Protein chains: 2
Amino acid sequence: MFQAAKQTKVFQDVVAQIQEAILDGRLKTGDTLPSERQLKDTFNISRGTLREALRVLEQKGLIEIKLGVGGGSVVKDLNADQVSEGLALLIRSQKVSLNHLAEFREDVEGIVAARAAARSSAADIDKLTELLGAARKCIDAGLSQRNAFIEIDKRIHMTLAQVTANPIYISVLHSVHDNIHRYYDEFLSMDERELQENYQDLCDLVQAVEKGQADHARQLARDHVHRFNQYMKSREQAKKDNYAAENIKPQIP
Amino acid sequence: MFQAAKQTKVFQDVVAQIQEAILDGRLKTGDTLPSERQLKDTFNISRGTLREALRVLEQKGLIEIKLGVGGGSVVKDLNADQVSEGLALLIRSQKVSLNHLAEFREDVEGIVAARAAARSSAADIDKLTELLGAARKCIDAGLSQRNAFIEIDKRIHMTLAQVTANPIYISVLHSVHDNIHRYYDEFLSMDERELQENYQDLCDLVQAVEKGQADHARQLARDHVHRFNQYMKSREQAKKDNYAAENIKPQIP
DNA sequence: ATCATAGAATGGTTAGACCATTATAATATT
DNA sequence: AATATTATAATGGTCTAACCATTCTATGAT
């Protein structure tokens, strides 16, 4: 006849209320919530319960909790970090392999390049060209600037994502890069020729974007990423082989 | 001379330890952690602090906390929910509009269709054909089964994502559907002809996948989604117009 | 003026108690 | 004997009250 009432726990109610206030704009980025001792009275709950709620909001990326006298819960500017962390957990925990991620990246970078080609402004091209110039300098400086080159490579891709003017691409690509670098950093050791190839890829790509050649840009981006993936895979394989050589008969537990 | 030691708060250390245990496989899906009163002694912390840690792990999607005597913290099977929730927050909070999401969906569904076409097995085609049959029945049953049709449409797309054998596509598409339906459900009211068109789209798409025509499948999927998007946009516009008509002079705050 | 110091506000943590929910075992009922 | 009811105990949920740790700010010393 009757059904269960209020399943929600107290702290969940608090989470919901504060979250709504933030999403509705009643609380804006940078705003500081009242202190815990005030809030607990406002909600008429204990401080422990309130803190559980705040921890959840923090984990959601909605607030940031600062220590000290000027501290408190500050409304954060939402970004892709939570999506990125979620993706990272999926990758680390289970079904998602690096191959999966590499394949996905190939597709996404292709899409981003195509969309960027259809929308780039003169200012966008300027920025990309500037980055290309910085990349050029890294290469000329030799292998010592290898990491700097990789960083600029990443920024070029992220800039393309920004050119699409679609924040989802920015977030997704950011997540992909976050996670792919977490695994690939240890293998980063391109030689001179590979650096040159990568640089040429990027030049061609930016040119295609500038000319608005969406399909061509897509293909160039895909090839570029694909080559990078192949390169990393071979590095990984080499590492495994090396390991095998050192341990002629690996102990199987 | 010296640098800051241990910035991490106690509860963060606990989160990290339990998370690592789960990701390393020392704790498996379905395992129940010791009770809070035991855990607090194990970690040598207070129960409140422990509970903050558990709340964070829960929000991360790593554990589920059950009430009652058989209850406790159970290790969850990770899924795309966190990614989905993160995306939802991005959409609700700020820069992400429905147009952004619709555009992204168009691209993703295209990719998924292409990848699926390159990898489908006979069993996959059987499953898709079965779903098409169910969709056919919904249409024949008339508009009353409209929602059922939408549901099957969604399942067909998700099945294609599974065919790609890349869990990232499954997660991403799941997130997109989650979020797009949250906004579109209110507009769902296709007429007979639109249902027919959608059904035909799906038939063509499955056929292309069966034949392994990746590019064709991609284009069909994109067109299908694009049509759906246009349709929803017009519905939304109609709703706005209707609102405007009811409120000749909308009050601007 | 500049630097050191004390104070106060805030989050971080602890301890112990009691409430609410739920599976299980013991008991009563048929 | 089978079933329904009831008590029991274990577990998470919440509360209270205190103290610790960090950090900004104002005060005071140099």
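Quantities reported herein were computed from a predicted structural model and do not represent experimental measurements. FYI, side chains are in, hydrogens and waters are out, and symmetry mates aren't considered; it's all heavy atoms of this structure. Proteins get letters first, then strands, A, B, ... in listed order; numbering begins at 1 in each.
Within a 6.0 Å radius of NZ in B/K154, other residues, nucleotides and ligands contribute more than 12 heavy atoms.
Between the side chain of A/H177 and the backbone N or O of A/R155, no donor-acceptor pair lies under 3.5 Å. B/S171 places a side-chain N or O within donor-acceptor distance of the main-chain N or O of B/P167, the cut-off being under 3.5 Å. A/D41 places no side-chain N or O within 3.5 Å of a backbone atom of A/Q38 that could act as its donor or acceptor partner. The backbone N or O of A/S175 lies less than 3.5 Å from a partner atom in the side chain of A/N179, making a donor-acceptor pair. B/R119 places a side-chain N or O within 3.5 Å of a backbone atom of B/T164 that can act as its donor or acceptor partner.
Summarising the geometry, the separation between CZ on B/F11 and C1' on D/dA21 is reported as 15 Å, rounded to the nearest angstrom. The interatomic distance linking A/E52 (CD) with D/dC15 (P) rounds to 10 Å, in whole Å. For the pair A/Q38 CD and C/dA9 P, the interatomic distance rounds to 11 Å; values are reported in whole Å. Taking atom NZ of residue A/K9 and atom C1' of nucleotide D/dC15, one finds them 17 Å apart after rounding to whole Å. The CG atom of A/L50 sits 13 Å away from the C1' atom of D/dC15 (whole-angstrom rounding). We find that CG of A/L33 is positioned 14 Å from C1' of C/dT10, with the value rounded to whole Å. The CZ atom of A/R51 sits 17 Å away from the C1' atom of D/dG13 (whole-angstrom rounding). Straight-line distance from the CD atom of B/E36 to the P atom of D/dG12: 5 Å, rounded to whole Å.
By the ring pair (Phe, Tyr, Trp, His ring centres under 6.0 Å) test, B/F11 is found to be paired with no residue, residues two or more places apart in sequence or in another chain being considered. Remark: A/F149 engages no residue in a ring pair (Phe, Tyr, Trp, His ring centres under 6.0 Å) (not counting sequence neighbours).
The nucleotide whose nearest atom lies closest to any side-chain atom of A/T49 is, among D/dC15, C/dT13, D/dG13, D/dC15.
Contact annotation: the side chain of B/L202 approaches that of B/D153 to within less than 4.5 Å [non-hydrogen atoms, C-beta and beyond].
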What nitrogen or oxygen pairs link the protein and nucleotides 15-17 of chain C at under 3.5 Å?
{"residue": "C/dA17", "atom": "N6", "partner": "B/R47", "partner atom": "NH1", "Å": "3.4"}

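Nearest approach of B/L78 to B/G61, heavy atoms of both residues: CD2-O, 3.5 Å.
Each end of the helix from C/dA1-D/dT30 to C/dT30-D/dA1 gets its own axis from five base pairs, and the two axes differ in direction by 10°, given to 10 degrees.
At a non-hydrogen distance threshold of 4.0 Å, B/R55, B/I65, B/K66, B/L67, B/G68, B/V69 from residues 54-69 of chain B come into contact with DNA chain D.
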Taking only distance into account, with no hydrogens and no angle test, what donor-acceptor pairs under 3.5 Å do side-chain atoms of residues 13-21 of chain A form with protein atoms, sequence neighbours excluded?
{"residue": "A/D13", "atom": "OD2", "partner": "A/Q17", "partner atom": "NE2", "Å": "3.3"}
{"residue": "A/Q19", "atom": "OE1", "partner": "A/K60", "partner atom": "NZ", "Å": "2.6"}
{"residue": "A/E20", "atom": "OE1", "partner": "B/R92", "partner atom": "NH2", "Å": "3.3"}
{"residue": "A/E20", "atom": "OE2", "partner": "B/R92", "partner atom": "NH1", "Å": "3.2"}

